[in-house]
Structures are given as C-alpha cells and as structure tokens.
Q: 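First, the structure itself, so that you have it in front of you.
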Amino acid sequence: MSIVVSLLRQPRLMCHHIVTCRSSSSLINTPEKEISFADHRTAYAHLSRTEILRAWIVLKLCSFDFLLQNSLKVLEHSQRVLGRGLLEKILRPTLYDQFVAGDDPQSLKETANKLKKVGIKLMILPSLEEDVGQKSDENRYNSNVEVTLQLAEIAYHHGGPLSCLQTKITALISADLLLKLAERNRDKEDQFRTISSWANYMAGGLLAPVSYLDKTENIELEKGLERLKSVGAFASGLQLRLLVDGEFTYLNQAISIAALSMAGAFNQSRPVVWNTYQCYLKDAFEKICSELEITQRMGVGFGAKIVRGAYLERERQLSVEGNYPDPTNPSYEATSDVYDRVVEYLLEEVVRSGGQRCNVIVASHNEKSVLKALTKMRSLGISPKDNTVVFGQIYGMASNITVKLASEGYIVYNSVPYGSLFDVLPYLSRRATENRAVLKGTRRERTLLARELRARFLGF
Ligand SMILES: Cc1cc2nc3c(=O)[nH]c(=O)nc-3n(C[C@H](O)[C@H](O)[C@H](O)COP(=O)(O)OP(=O)(O)OC[C@H]3O[C@@H](n4cnc5c(N)ncnc54)[C@H](O)[C@@H]3O)c2cc1C
C-alpha cells in the first residue's frame, strides 16, 4: 500500500514528464490524425488495478542495472536460499505473470483472450535455443521440433491464419555445425548455391553431401534440414508466419542461410518464413538488400522482422576478445538512423513488390520509430488491413504503444514466452540481461502506469 501512496504522491512530476514527452516525440502530426502514445486510459483499460500496480513494480525493479546484469545469479541464489516452492510463490504472481503467457493451454488461452479483447495478437516465443559448444543430442532437437509444432498449433488455434510464431534455428540444428557452415559460406555465390541446394531438399529434392563436412556431420546436417523442413511445412500448412530470430553475428550468416532456404521452399505464394535484421549492426542495410535479392532470384516472397538488436554489449565484448572490428554501430543515434532507414526502404519495397510478396514487422518499443513507420505507411497508401506491415512489442512492456496501435486498427503482436516457471525464468533472465537498454528505458511507461493508478484510485 505504501507503494501506491508514493505513486499517488507524484502527480506534478508525472504531469510535467508527460507534457515534455508529448511535445517532443510522442505526438506527431499526420495528414489524417494525431496518434498519441501518452493515452494511459486506452493503454491499460484491459488491466485490473492489481495488474497495473504489478506492472509498475516489475518495470521499476527491471530498471535497476545490478538486478538486470546479475538476474541469473540472483535467481539461482534465491532458489538455494528460499527453495523452489517459496520462490515460485513470489515469482509466479509477479515477474512470471508480467512477462509470460502461462504454462498450460488454459492459461495461454486466458492470456490470448485478454489480449484479443484489445485487438492484440499472440506471437508465441518458445524458450528454446543453443549456443556454440552446448551441442544437444538428436533427441533434444527432435523434442524441440515437437514443442515448436505444438506451439504452432496453439498459435493457429488462438489467432487463425497469419498468426506469428518465433523460432530459433539453433533449437533445431547444431550451433557448432552452423558455425562451420558460416565459415565456409562467406562468398555471396557460395551462399546462394547452399541456399538453393537446401531449399531444393526441403521442397522434396535430394541433398548432395557437403565436401568439407565429414560423414557424421553430413548426417547431422541432413537431420537438421529435415527438422527445418518439418517446422516450415507445418507452418506453411497452417498459413502461419514463422519468424526466425536473429542471434549473435558469428552465427547469423548460417542462420540466414537456413532461414532463406526455408523461404525458398515455403514462401512460394507469400512470406511464411521471415528472417530477422538487427539494425545495431553496421551492415544491416546491405544484409537486407542482399537477402531480398536472393529471395527475388529464387522467385519467392520476403518477410522481415526489423529489430534494433538484443546482444549489443556481448557483440562488442566478443570483438575486443577476438581482436576484430566492432560489428555494431558506434552510437544509439546511428542505430536508430539505420532502423528508420531500413523500415522506410522495406515499406517502399512492400509497394514496389505489389503487396503480398514482401511483409514487414516493425518490432520496436521506440515511439519515434513506430511513428515514423506509421507516417511512411500513410504516405505510401499502405492500409493496416493489407496485413503487409505489422507491429510487435514484448508482452508486458510498451502497452501504451501496442494497445494504442491496435485501437487505431493496426495489426499488432505481443511476443510472449510460454512455458513452466523454472524453464522460462532462466531464459527470461538471459533476455533481461540482453535487453537491458529497453528495460532500463521504461521510465515513461512507469509514469503512464502511475497516472492510470492515480486516475483509478483518485478519479483524476
Ligand atoms: C517482437 C520482437 C522480436 C524480437 N526479436 C529479436 C531477435 O530476433 N533478435 C534480437 O537480437 N532482438 C530481438 N528483439 C529484441 C529487440 O532487439 C530489442 O527489443 C531492441 O533492441 C530494443 O530496441 P527498441 O527499438 O525497442 O528500443 P530502444 O530502447 O529505442 O533501443 C534500444 C536498442 O538500441 C540499441 N543501442 C542502444 N545503445 C546503443 C549504442 N550505444 N550503440 C549502438 N546501438 C545502441 C540496442 O540495440 C538497444 O537494444 C525482438 C523484439 C521484439 C519486440
């Protein structure tokens, strides 16, 4: 209760902050009307007082750098001290409910229905991944396929055709093998040959053994491609959008090869398999142009998830340790410039390609970038109803953007993890460490949450 009182005592400060935000970035004059992301009544109408208070507390905790940087250690330590039972009692109604959709079909259904009421679609995020050196066995990869197919069915069940499912290539094929393939496919024409050969295999053709892989690795590759094929074919059958996540630069080349081969096999009539483009990378724009060209050469659709990128600090650290040039942009402003330029270019491509051959998701919590995308959509005459340009935010964050966009008729997804508390939390804490920049930047959202609480408790 003392937290509520302290929240309610800050009205002047909060009003000042909102006025500042409104006059700078959150309000834009468009030819048709103004969209304001400061509308807390719309943003939180679907949440109870308790949920709003929880969101404020959790986002406040997430703004502490120490907790974000050490979240996995804090989690492990708390489990030792408190035991799993007590820890679950604390974390389930707080951190877990704030960021996770649930751990069974019923709880997922409740989350989906709650979001549906305010026009938000689910983008399920399986908590599956692997890094170099953590090689899983075949059973693990096969079980990851099962989980992915189940989640694809759930996504379809709740959202029908064009529902989104995120996937990580490293959950389906060994990261070590991907690394080896990336090193051997640096040249553009080599990449195209590999992509065409894998696409052909996934479309039912034969796979020629790869000369630089030994017999075991060739078998491993074929099994991996078989898994990519199962997931791609299933998503295509249900008319889903399968969004392949971008990971670390040392794996991204091979991830792109895998994603584009899936696109070659399954994007014949429209983009089913989409790749992710991280705009904090210096070469983001060139990468998009090059991959777009590859899909055009194959005569298939192109789908792109545009993000700023989650692994900034680690990328920089790796470049220092490995003594190679930093692959990331030198500043936040440079990343934002690339982000907005990439979105603008792809929206023009949506129009150039006649609509359904190019689809884009603007995955960002940045109001300016979202507003720029909206302005560009309007100037190009792209209607939200075309379902070619959509938006995405992480579940539990930036409701002021997500709900407002949905209320204006835009197609918006919430990326939401699904799984049991002790499976999902380590995954979430890794994501929290990686997404520190976003979590630390939730001040404005906390202000809006506080405003809404004040309105509900005091009526103004
Ligand atoms: C639906 C969805 C899917 C996602 N999928 C992926 C994915 O597949 N792969 C992935 O990596 N991330 C993914 N993300 C996470 C995404 O990258 C982060 O949410 C994003 O980086 C935060 O940027 P923003 O546009 O929301 O906000 P902002 O808060 O405006 O931007 C913060 C970002 O700016 C960049 N940045 C910050 N400081 C600097 C600096 N000094 N120099 C250069 N750049 C800087 C970093 O990328 C940082 O994360 C996804 C997010 C969503 C919503």
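Indexing begins at 1, ligand by ligand and atom by atom, following the structure's order.
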Q: Honestly, is Lys229 close enough over Tyr201, meaning NZ or CZ under 6.0 Å from the six-membered ring centre and within 45° of the axis?
A: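 Yes; both conditions hold, so Lys229 lies above the ring face of Tyr201.
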
Q: Asp245 heavy atoms, cut-off 4.0 Å: which ligand 1 atoms fall inside?
A: 8 (O)

Q: Output yes when Asp104 and Lys109 qualify as a salt bridge under the 4.0 Å nitrogen-oxygen rule, no when they do not.
A: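 So Asp104 does not pair with Lys109 through a salt bridge.
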
Q: Run the numbers for me: atoms of ligand 1, each under 4.0 Å from some heavy atom of Ser415, listed by number.
A: 1 (C)

Q: N/O to N/O below 3.5 Å, does that happen between Val307 and ligand 1?
A: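 For ligand 1, there is no N or O atom that lies under 3.5 Å from one belonging to Val307.
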
Q: I'd like to know whether ligand 1 has Arg316 as a neighbour, heavy-atom separation below 4.0 Å.
A: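 A heavy atom of Arg316 does come that close to ligand 1.
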
Q: Salt bridge between Arg352 and Glu349, side-chain N to carboxylate O under 4.0 Å?
A: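 The answer is yes: the pair qualifies as a salt bridge.
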
Q: Is the closest side-chain heavy-atom distance between Ser163 and Lys121 below 4.5 Å?
A: no

Q: Looking only at distances, please establish whether an N/O atom of ligand 1 is found under 3.5 Å from an N/O atom of Gly246.
A: yes

Q: Which of the numbered atoms in ligand 1 are under 4.0 angstrom from any heavy atom belonging to Asn329?
A: 42 (N), 43 (C)

Q: Can you list the atoms of ligand 1 that are under 4.0 Å from a heavy atom of Ala363?
A: 1 (C), 2 (C), 52 (C)

Q: Strictly under 6.0 Å, is that where the ring centroids of Tyr345 and Phe285 end up?
A: yes

Q: Which bit of Tyr339 gets closer than 4.0 Å to ligand 1, counting heavy atoms only: side chain, backbone, both or neither?
A: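 Answer for Tyr339: neither.
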
Q: Using the ring of Tyr96 (Phe, Tyr or Trp, six-membered ring only), decide whether Arg92 places NZ or CZ under 6.0 Å from its centre and within 45 degrees of its axis.
A: yes

Q: Between ligand 1 and Gly392, is the shortest N or O to N or O distance under 3.5 Å?
A: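 No; the residue has no nitrogen or oxygen that sits under 3.5 Å from a nitrogen or oxygen of the ligand.
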
Q: Which of the atoms in ligand 1, numbered in the order shown and given with their element, are less than 4.0 Å from a heavy-atom of Ser364?
A: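 Reading through ligand 1 atom by atom, the close ones are 24 (P), 25 (O), 26 (O).
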
Q: If we only consider heavy atoms of Leu312, is any one of them less than 4.0 Å away from an atom in ligand 1?
A: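 True for this residue.
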
Q: Quick one: list whatever passes salt bridge (charged side-chain N to carboxylate O under 4.0 Å, His left out) with Arg341, sequence neighbours left out.
A: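 Testing Arg341 for salt bridge (charged side-chain N to carboxylate O under 4.0 Å, His left out), a comparison that skips the adjacent residues, returns none.
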
Q: Between Asp340 and Lys368 (salt bridge meaning N to carboxylate O under 4.0 Å), is one present in this structure?
A: no

Q: Show, in sequence, the C-alpha distance, side-chain angles and deciding distance for Leu181 and Ile257, and conclude whether the side-chain contact (heavy atoms from CB on, under 4.5 Å) test is met.
A: CA-CA 9 Å; Leu181 288 158; Ile257 292 174; 5.8 Å; no

Q: When you measure from the heavy atoms of Ser331 to every atom of ligand 1, does any distance fall below 4.0 Å?
A: yes

Q: Report the C-alpha distance between Tyr418 and Leu151 in whole Å, list the side-chain angles of each, state the deciding distance to 0.1 Å, and finish with yes or no for side-chain contact (heavy atoms from CB on, under 4.5 Å).
A: CA-CA 9 Å; Tyr418 173 71; Leu151 293 179; 3.2 Å; yes

Q: Quick one: which ligand 1 atoms are inside 4.0 Å of a heavy atom on Ile394?
A: 53 (C)

Q: Under 4.0 Å from ligand 1, counting heavy atoms only, is it the side chain of Arg308, its backbone, both or neither?
A: both

Q: Heavy-atom contacts under 4.0 Å between Tyr280 and ligand 1: side chain, backbone, both, or neither?
A: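 It is the side chain that gets close, since no backbone atom is under 4.0 Å.
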
Q: Can you confirm, on distance only, whether ligand 1 has an N/O atom lying under 3.5 Å from any N/O atom belonging to His365?
A: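 N/O-N/O distance below 3.5 Å exists for this pair.
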
Q: Nearest to atom 7 (C) of ligand 1 by heavy atom, Lys305, Lys282, Gln278, Gln393: which?
A: Lys305

Q: Looking only at distances, can you tell me whether any N or O atom of Tyr311, backbone or side chain, sits closer than 3.5 Å to an N or O atom of ligand 1?
A: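 Between Tyr311 and ligand 1 (N or O atoms, distance only) the closest approach is not under 3.5 Å.
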
Q: For Ser364, give me all partners under side-chain hydrogen bond (donor to acceptor under 3.5 Å, both in side chains), at least two apart in sequence or on another chain.
A: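 In terms of side-chain hydrogen bond (donor to acceptor under 3.5 Å, both in side chains), with neighbours along the sequence ignored, Ser364 is linked to Arg308.
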
Q: With atom 35 (C) of ligand 1 as the reference point, say which of Leu281, Val362, Thr335 has the nearest heavy atom.
A: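 It is Thr335 that holds the nearest heavy atom.
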
Q: Does either side chain, that of Glu291 or that of Ser256, offer a donor lying less than 3.5 Å from an acceptor on the other one?
A: yes

Q: Just jot down the ligand 1 atoms closer than 4.0 angstrom to any heavy atom of Ala310, in number order.
A: 10 (C), 11 (O), 12 (N), 17 (O)

